[in-house]
Amino acid sequence: MALASTDTVIRTGRTSRFIIYTVLIVFCIYYLLPLYVMLVNSLKPLDEIRGGGMLSLPQEWTLAPWGSAWSTAQIGVEATGLRPYFLNSLLMVVPAVAISTMLGALNGYVLTKWRFRGDTIIFGLMLFGCFIPFQMVLIPMARMLGLMGLAGTVPGLIFVHLVYGIGFSTLYFRNYYAQFPDELVRAAMIDGAGFFRIFQRIMLPSSGPIAVVCIIWQFTNIWNDFLFGASFADFDSQPMTVALNNLVSSSTGVKEYNVHFAGAIMAALPTLLVYVVAGRFFVRGLMAGSVKG
Amino acid sequence: MEQSVPTRNKLGDKLADFLPKLVLSPSLAIVLIFVYGFIFFTFYLSFTDSRILPSFGLVGFENYDKLFRLRAWSIAVDNLFIFGGLYIVICCALGLMLAILLDQKIRSEGFIRTIYLYPMALSFIVTGTAWKWFLDPGIGLEAVVQSWGWTSFEFNWIKDRNMAIYTIVIAAVWQTSGFVMAMFLAGLRGIDNEVLKAAQIDGASNWALYRRIVIPQLRPAFMSAFVVLAHMAIKSYDLVIALTNGGPGRATELPATFMYSYTFTRNQMGIGAASATLMLMTIAAIIVPYLWSELREKK
Amino acid sequence: MGFLDIKNATKSYGTVKVLHETDISVEEGEFLVLVGPSGCGKSTLLNMIAGLEEVTSGEIAIRGNRMNEVRPADRNIAMVFQSYALYPNMNVAQNIAFGLEMHGVVKAERDKAVQGVAELLQITQLLDRKPGQLSGGQRQRVAMGRALVRDPDVFLFDEPLSNLDAKLRVDMRTEIKKLHQKLGRTIVYVTHDQIEALTLSTRIAVMFGGYVQQLGTPKEIYDNPANMFVAGFMGSPSMNLFPAKLSAADGKAFANFALAEGGTGSLAVPDPALARHDGRDIILGIRPEAITDPDGADRNSKDIHHVEARVEITEPAGSDTFVVTEFGGKEVTGRFRADVDVKPAKVQTFAVNMEKAVLFDPVTEERVV
Ligand SMILES: Nc1ncnc2c1ncn2[C@@H]1O[C@H](COP(=O)(O)OP(=O)(O)O)[C@@H](O)[C@H]1O
Ligand SMILES: [Mg+2]
């Protein structure tokens, strides 16, 4: 995505520019509105929301909904708040991202620099695996996790995300390494470096940009996953998304909207943070892979 | 220089030749088992009498036969057409419009882009939660407008059987249209400015420039956007669960939610497997030609 | 048996044969240049010597040892690539030392070797820089340094100068030649530039379409091209090639060809044996410097013959003027001294040095004896 290259040469007059800016700002409001709603309503008491004040700023600012969402809200049967589930998600996402990125890098390296007959077919098979509806694997995977003794555990979820994350990691690294000059690898071979040495000394040190892209992508996808979490986790291994949904859709008791919004922001925070901090590198990394050559 | 005849370590060399394939093989094995093996397993189940647990008594096309006669399934498929069609068309239209507007040397473009794109970083559960309460007539938009004095204002789609599916469209478009905008913007930035200059010298208006020269060149971006959006629409599950949980009644059931509930809560695994198979085939029909052409070109 | 032997080597990708049976034997200290147009298989052959491409059939041997199954790292060769292929994450010193490190040379020795090579190539002040901070010429030197430090049996160069601008290219050419004379190592050098080939080599292999067309010293290649491809490819401006018909008179052979203004040009061919071929169609090949104004003709030649022909166009080039006319329906360029007064559309006497003329068969395009 070459977002930062040259602008258009098309020129626009004063009135049209005014209209353009107006439209762009209106859409800024549109995209920001839900975030605003979540934020302000997570900071006000429940009765202010009930009184039709969803769009107004809090009259009485309070952090109580956040505290409740984090540590005391009723999730399913227990009043634990979202904290244990937030930890589950972290425990799940870190190893899954790390391992799938590493495997993707190795696969991309083999598929571009050590090509062999049939490698494109193998890559095609991996790539198609990224797009299948996961409904197609839910039933056998549930059995398989049972057989492996991982049913209802965080390691089980790590495994599932790893398995279905490999395709995208491989895609990113393959496309990036395809731009990486073959001559460098050949020079290193003549210098006496072997398969792993070339990977470690020549390829990896230049892989920063695509590693960022891959990590952001995998982190976002795995953190945000709901289907696998809902299908394969037990009560005590649920990830954040599933717990949030339980919190919001539980039919017992009073609906504490402010707590729901606080919980939703908590679930969104890690990926938002990654996006705001590293989003620029994401776009730049994608460009590094696609513009050259 | 001393002369070592290099016949050393033939076995080591053989191993070294094999190493790349060895490194690739765990991933390949994983994909073959957990993607293709499992696809085959589910495909097979769709021809069996499985209920709570997989069972291997073959029943031919019975599950498909039942599936097509189930009202819940035809609702899900109809919904998918409404939802998918609107979702793709609106996302593309909105994305293209915003991309074109954002391509006019806009000040603080990067900032605006960040705002348009951030919903993509959120979980559908978060998006669903936000929109669920914002569209809720009791506390959300309807209540707010009424509290401003317009007491007859009504906006209760999310509770309305006929309109609820459109609330899914609203939330999904909100989440994805910024991403589609980015795809189109990348396409616009790839267009050769010389051509545009030449057309300007030929006296083309801005409108003509976009309609005749720019938009036709965005074909690849349209293709990618279509493929991404179509496959997301077919896989849509989380958003429905969070926003409406398939309701009111079955008004927002989609194939993905249908599959889940038939397999895991209604204990009709054979029918669930049949519905999953149909989902896979639909996606394959879209994705396979696309991947095929991509891998061909890039050879 | 030579130092580096290419024995009946071929290369195929699937069913496509990109290198046909090739035999070249390189002596120790030789500078062999593989030259030919793009896609003719030069890099393929070089990569086969390096071990980067497998040999489909035949053999590569260094010092009499078969190399086909030996890994590139163990062949005791070094290579300089067109793109230089410097490791972007390492500085110059690390780049040069990498090969030694991989071959288990200890740090102190590596540092000494790097220092020595850096002095030889005058890049000592660059040792701490990253490749990204170097100019094209400097990168080129580092790439050479990386090869030199290995002190290999054979140096392989794949178009090492083609990414440099014209001036730098000439300078580096001279420098490579000096290095070869100083170190006396065996070099195989790939280029598509025939001038590079002629200036650098001790021997040239001219390649085209996956075949070695001719193997010989620069002088042999230039004076006695084996076929019309070699004749046309080597030399600039390239050799004039035009159709003519042989005739015999008084036991001598003549080549006859049509002139632009009508009439026939006729040139005596030095080899009287050709008189047997009365009436045969041939292609006559004469280099521009063998077609001159009468006073500028080579005084040592015993076979200067004159042809009157109309001048089509003149191209002054400073020291010489290239004069274009038409022999046998083909444009023919002669090289006149700059101060000779030649005008287009005037008839002019061309002095042709037939000692330097070569004859080709028009069908096989091979040299006629
Ligand atoms: N990996 C490959 N697969 C198929 N054909 C190839 C491959 N590499 C090179 N070729 C073909 O082999 C021929 C010779 O290539 P090369 O040796 O690189 O030519 P050059 O003389 O320009 O260096 C070319 O026609 C090229 O298209
Ligand atoms: Mg080449």
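Computed over heavy atoms, backbone and side chain alike; hydrogens, waters and symmetry mates excluded. Every chain is numbered from 1 and lettered A, B, ... according to where its sequence line falls, protein lines coming before strand lines.
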For the side chain of C:S12 and the backbone of C:G14, is there at least one donor-acceptor N/O pair under 3.5 Å apart? no
Roughly how far, to the nearest 0.5 Å, is CE of A:M266 from OH of A:Y85? 14.0 Å
Shortest non-hydrogen separation from A:Y176 to A:S207 and the atoms involved: CE2-CA, 4.1 Å
Which class fits the ring pair C:F31 and C:Y189: parallel under 30°, tilted 30 to 60°, perpendicular over 60°? tilted
Pi-cation contact, C:Y87 with C:R146 (under 6.0 Å, within 45°): yes
C:S201 backbone acceptor or donor facing C:K177 side chain under 3.5 Å: no
Can you name the closest pair of heavy atoms from A:D225 and A:G229 and give their distance? OD2-N, 3.1 Å
How close do A:I190 and C:R150 get, heavy atom to heavy atom, and via which atoms? O-NH1, 3.1 Å
Heavy atom to heavy atom, less than 4.5 Å: which residues from residues 191-206 of chain A reach chain C? A:D191, A:G192, A:A193, A:R197, A:R201, A:I202, A:P205, A:S206
Do you know which of C:N89, C:L100, C:V80, C:L86 has the most heavy-atom pairs with chain A at a distance under 4.5 angstrom? C:N89
Applying a strict 4.5 Å limit to non-hydrogen atoms, the region of C:A147 in contact with chain A is neither
Okay, C:D158 and chain A: the region with an atom under 4.5 Å from a heavy atom over there is neither
C:E53 portion near chain A, given a 4.5 angstrom heavy-atom threshold: side chain
